[in-house]
Amino acid sequence: METIFWILSAITVLGALFAIMLRNLVHCVLSLILFFLGIAGHYFLLRADFLGAVQILIYVGAVAVLMLFAIMLTRHVTGDEGPREVLGGKWWAGMGTAIIIAGLLWAIIRKDQLAQILPAGGAQTSMVEIGKAMVTDWVVPFEAMAVLLTAALIGAVVIALEEVIRRR
Amino acid sequence: MNIPLGDYLMLSAFLFAIGLCGALSRKNAIIVLIGIEIMFNAAILNLIVFWHYKYFAVPTAYMFAIFAISIAAAESAVGLALVIAIYRQYKSVDVDEFTSLKG
Amino acid sequence: MEHGEYLQHLARQQWLIPFFPLMAAAIQSLMKRPSRKASGALTIIAMGLSCIFALRAFFATIGGGGQHHEIERAIFNFTWFKFGTTSLGLGFILDPLAEGMAVMVAFVGFWIFVNATGYMADDENFTRFFCFLSLFAASMLGLVVSNNLLLLYMCWELVGLCSYLLIGFWYFKPAAAAAMKKAFITTRIGDVGFLLGIVMLYWKTGTLNLYTHDTLHPGALEQVSALALRNGWWGLSAASTIAFLLFIGAMGKSAQFPLHVWLPDAMEGPTPVSALIHAATMVAAGVFMVGRMYPLFTAEAGSWVLDFVMWVGCITAVFSATIAVAQFDIKRVLAYSTCSQLGFMVMALGAGSVVAGQFHLLTHAFFKALLFLGSGCVIIGTHHEQDMRKMGGLRKYMPITFWCYLIGMLALCGVPPFAGFFSKDEILLSTFHRNKYAWGLATFAAFLTAFYMTRQMFMVFAGKWRGGENDHGHDKHGKHDDHEHGHHGGEPHEVTWNMWLPIAVLSLFAIGLGFFGHKYGEYLGVEGAESVEGKAVVMGASLAVVALGLLLGWAVYGRKTMEHATDEDPLSAALGSLFTFLNRKWYIDELYDVTIIRFTATCGMFFRLVDKSVVDGILHAIAWTAWGISQVFRWIGDEFFINGGFDAGCESVRWEGEEFSKLENGRIQNYFRVLSLGAAILLLIYFFT
């Protein structure tokens with residue numbers, strides 16, 4: 001079990017690192033897919049089967065593909081940045097902040113007693129329970145989410161279609 | 001499985017920092033969005049870890065994770081649509097060039 | 001027991017009665033291409049179905065009565081929604097009061113709709129008109145069959161809305177637009193009282209259902225004996241207070257004295273609307289509501305609320321009758337007559353006789369609808385002429401209309417075999433027992449009724465046709481009419497069958513309905529304990545005044561009819577300035593103009609002045625004080641000490657602003673970096689604490 005955890009962690013961290021470091025944008029997204037799959041593996045390991053499936057469906061199936069499309073619509077199909085500078089201005093500030101935050105989080109987790117907890121049998125939430133909770137106690141957030149997703153969908157379409165409307 | 005909570009938290013903290021680093025220092029708007037997605041996933045992983053270790057009431061964290069994923073999906077859709085719209089305007093996805101909000 | 005179950009079954013189907021017209025309205029509002037035939041047919045069929053269902057329930061309620069004096073009442077309540085532990089219910093009721101009214105509304109409404117197909121035949125917005133009419137019928141029927149004050153109030157407001165829409169149906173006429181606003185706002189004043197009454201009822205009883213037949217959760221009207229013991233306002237018991245507030249609503253809707261001003265102006269609407277809303281049904285809603293809530297009015301013995309009700313009715317009856325004498329517009333005479341008759345009904349309720357009030361409501365609905373539709377026929381027949389001075393001699397041209405109108409007029413006057421005689425007689429009798437002065441005034445109003453109706457008959461139907469004198473007999477509407485009726489010339493003509501058939505049918509009821517007065521009392525479940533004492537006096541007096549009124553009317557207008565439209569009214573010559581006073585409706589509108597409206601305007605001015613002087617004054621005072629204090633400090637030390645430092649400070653702020661504005665460079669990652677820097681600082685604080 002521990003072995004699986006470490007392997008998955010390595011995949012995840014490497015996927016994330018490559019996703020933000022590679023020059024070629026398409027490669028970035030492919031490595032991001034690797035990262036998403038690693039996270040999904042973690043979910044399976046944590047017995048959150050449903051969420052793992054959702055992770056694969058939504059992130060690997062939808063978000064990553066969406067990003068690939070965005071890249072193709074804004075660049076050449078290969079997604080190669082070419083010889084241009086890939087780092088933004090003041091990149092050192094961003095990187096420094098990220099390193100500071102990572103260090104601080106590491107220190108806090110090391111210091112906290114909470115981190116020593118071992119799993120006590122592990123939680124179980126079946127899909128039936130999720131479905132029931134979704135339409136009883138969580139029905140209001142559920143509906144709000146539905147409205148939000150609809151609004152986001154329409155908004156995305158409107159934003160992306162702006163040019164066409166203006167041309168008419 | 002005897003992995004302490006701290007290991008998972010450490011993992012998600014590192015993932016978060018990686019995502020932050022990407023979002024803060026890369027020039028390309030799509031990579032910025034990728035960084036944001038990585039941070040989202042780190043946070044959701046945290047929720048599920050706490051759920052697994054029974055730190056919250058049982059379905060609560062799970063539900064939060066599901067809703068967070070939905071929000072992240074909506075966010076990425078809108079964000080990418082914005083990137084496309086901005087690309088039409090500036091013929092570029094370089095965030096350093098989007099300075100029309102300059103005060 | 002089987003009968004009770006049958007009633008229960010019917011009560012569960014009460015919602016069907018308003019349902020059909022509502023559907024008709026909905027379908028018409030959604031119809032893609034308006035079609036006159038479809039729209040008219042739909043409305044009439046829906047109303048016919050409602051009428052059938054109402055009749056079925058009506059006969060069911062008749063069937064069981066007789067042997068026992070228990071009122072046949074079946075109810076059907078259901079919960080609408082819940083919040084917390086409170087739940088709001090809605091419900092339908094099936095009892096004699098409701099069914100008598102429902103049958104009347106559906107039946108009279110049906111014939112009015114038939115008539116309207118003729119009256120509105122060449123209107124451009126035919127379908128819109130029928131859509132509104134259907135909606136109106138639905139809400140009125142809903143009002144009648146509701147067993148819940150909330151539902152009743154909703155329908156009540158819907159009825160008001162439909163009235164607003166229909167009065168202003170010809171909204172391009174400024175007078176109609178003004179009238180619709182006036183009607184809506186005036187009734188709203190009453191509705192405030194009504195709403196207060198409902199709120200107070202809910203507060204005191206915790207329910208808005210009228211009847212529940214449940215001892216654990218009794219309905220509002222089943223708690224009246226308890227309410228009569230609790231304290232309300234103005235030294236009244238709670239029951240009487242609620243009754244008083246509800247009656248204010250009824251005053252607005254039924255056009256009682258201080259709030260009557262909207263009803264005559266409402267005549268700007270199409271004539272079928274006047275017949276349906278402002279004569280037969282809507283204005284009766286107030287009277288009906290008082291009848292429905294009557295247990296509240298009588299709960300406390302000896303409260304002044306009933307007297308108040310009676311006197312309001314009495315004053316309205318006399319007051320409006322005097323105005324009706326001096327009007328020239330054919331519809332306005334009828335409008336004031338309606339006001340007056342509503343006054344009679346309210347007076348009967350105040351005098352303690354629900355039966356008399358409700359019975360007069362029913363008979364009046366039939367013959368007043370008849371009169372209004374008849375006047376509509378006259379208006380169409382004379383090419384949109386409404387001024388009685390320009391009519392005359394129509395008996396020759398429009399015989400059917402004339403005979404029907406005559407029956408309606410005799411019924412309204414209270415000539416013996418006709419319906420109005422019986423119901424009015426009952427009212428006068430109950431008033432006679434309650435208060436002799438009110439009876440005297442009411443008898444005077446009955447005399448005036450006979451007089452002004454005779455005047456109208458002679459002016460419209462007798463003598464010779466005076467309309468053709470100026471040009472083509474129509475000046476105001478000349479352009480429109482030349483276009484529509486050009487080939488008719490100025491001559492009046494009889495109307496088509498779909499216009500005279502309704503008034504013929506209604507005139508049958510105007511003749512025959514009166515004989516059921518006694519039966520109606522039994523039907524409502526009220527004991528026929530009316531003493532015969534005084535009956536001869538009352539009946540004799542009313543017969544005498546009616547005969548006197550008819551005679552006087554003949555003497556003034558009948559002996560020598562008007563020759564020309566410009567002739568002075570004979571009564572005007574006799575009464576002089578009093579006639580003008582009556583013609584201008586006692587200057588009530590002008591009085592409201594100089595009192596209430598001027599008062600409101602003055603209040604507005606006053607508050608503006610207060611705002612200007614007091615509020616602004618205070619603000620200015622504060623400002624000046626601060627300025628003064630600052631001046632003092634300035635002289636003491638500021639000039640020397642602080643000024644130099646302040647200038648330097650300003651300079652540094654300016655510099656900082658410039659520096660900080662560099663942060664706002666519009667680069668999104670910059671904001672992001674600052675944000676994460678903040679997060680890092682927060683984490684740092686967390687780590688060290």
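Heavy-atom basis, side chains included; hydrogens, waters and symmetry copies ignored.
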From C:L683 CG over to A:I100 CD1, what is the distance, rounded to the nearest 0.5 angstrom?
11.0 Å
Distance from C:Y686 atom OH to A:K111 atom NZ, nearest 0.5 Å?
7.5 Å
A:I108 portion near chain C, given a 4.5 angstrom heavy-atom threshold:
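Both the backbone and the side chain of A:I108 come within 4.5 Å of chain C.
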Between A:I101 and C:S676 the two heavy atoms that sit nearest each other are CD1-O, 3.6 Å
Atom of C:L684, atom of A:L104 and distance for their closest heavy-atom approach
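Answer, listing the atom of C:L684 first, then A:L104: CD1-CD2, 3.3 Å.
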Over 12 foreign heavy atoms within 6.0 Å of [atom1], [X]:
| X | atom1 | value |
| --- | --- | --- |
| C:M23 | CE | yes |
| A:F69 | CZ | no |
| A:F18 | CZ | no |
| C:K181 | NZ | no |

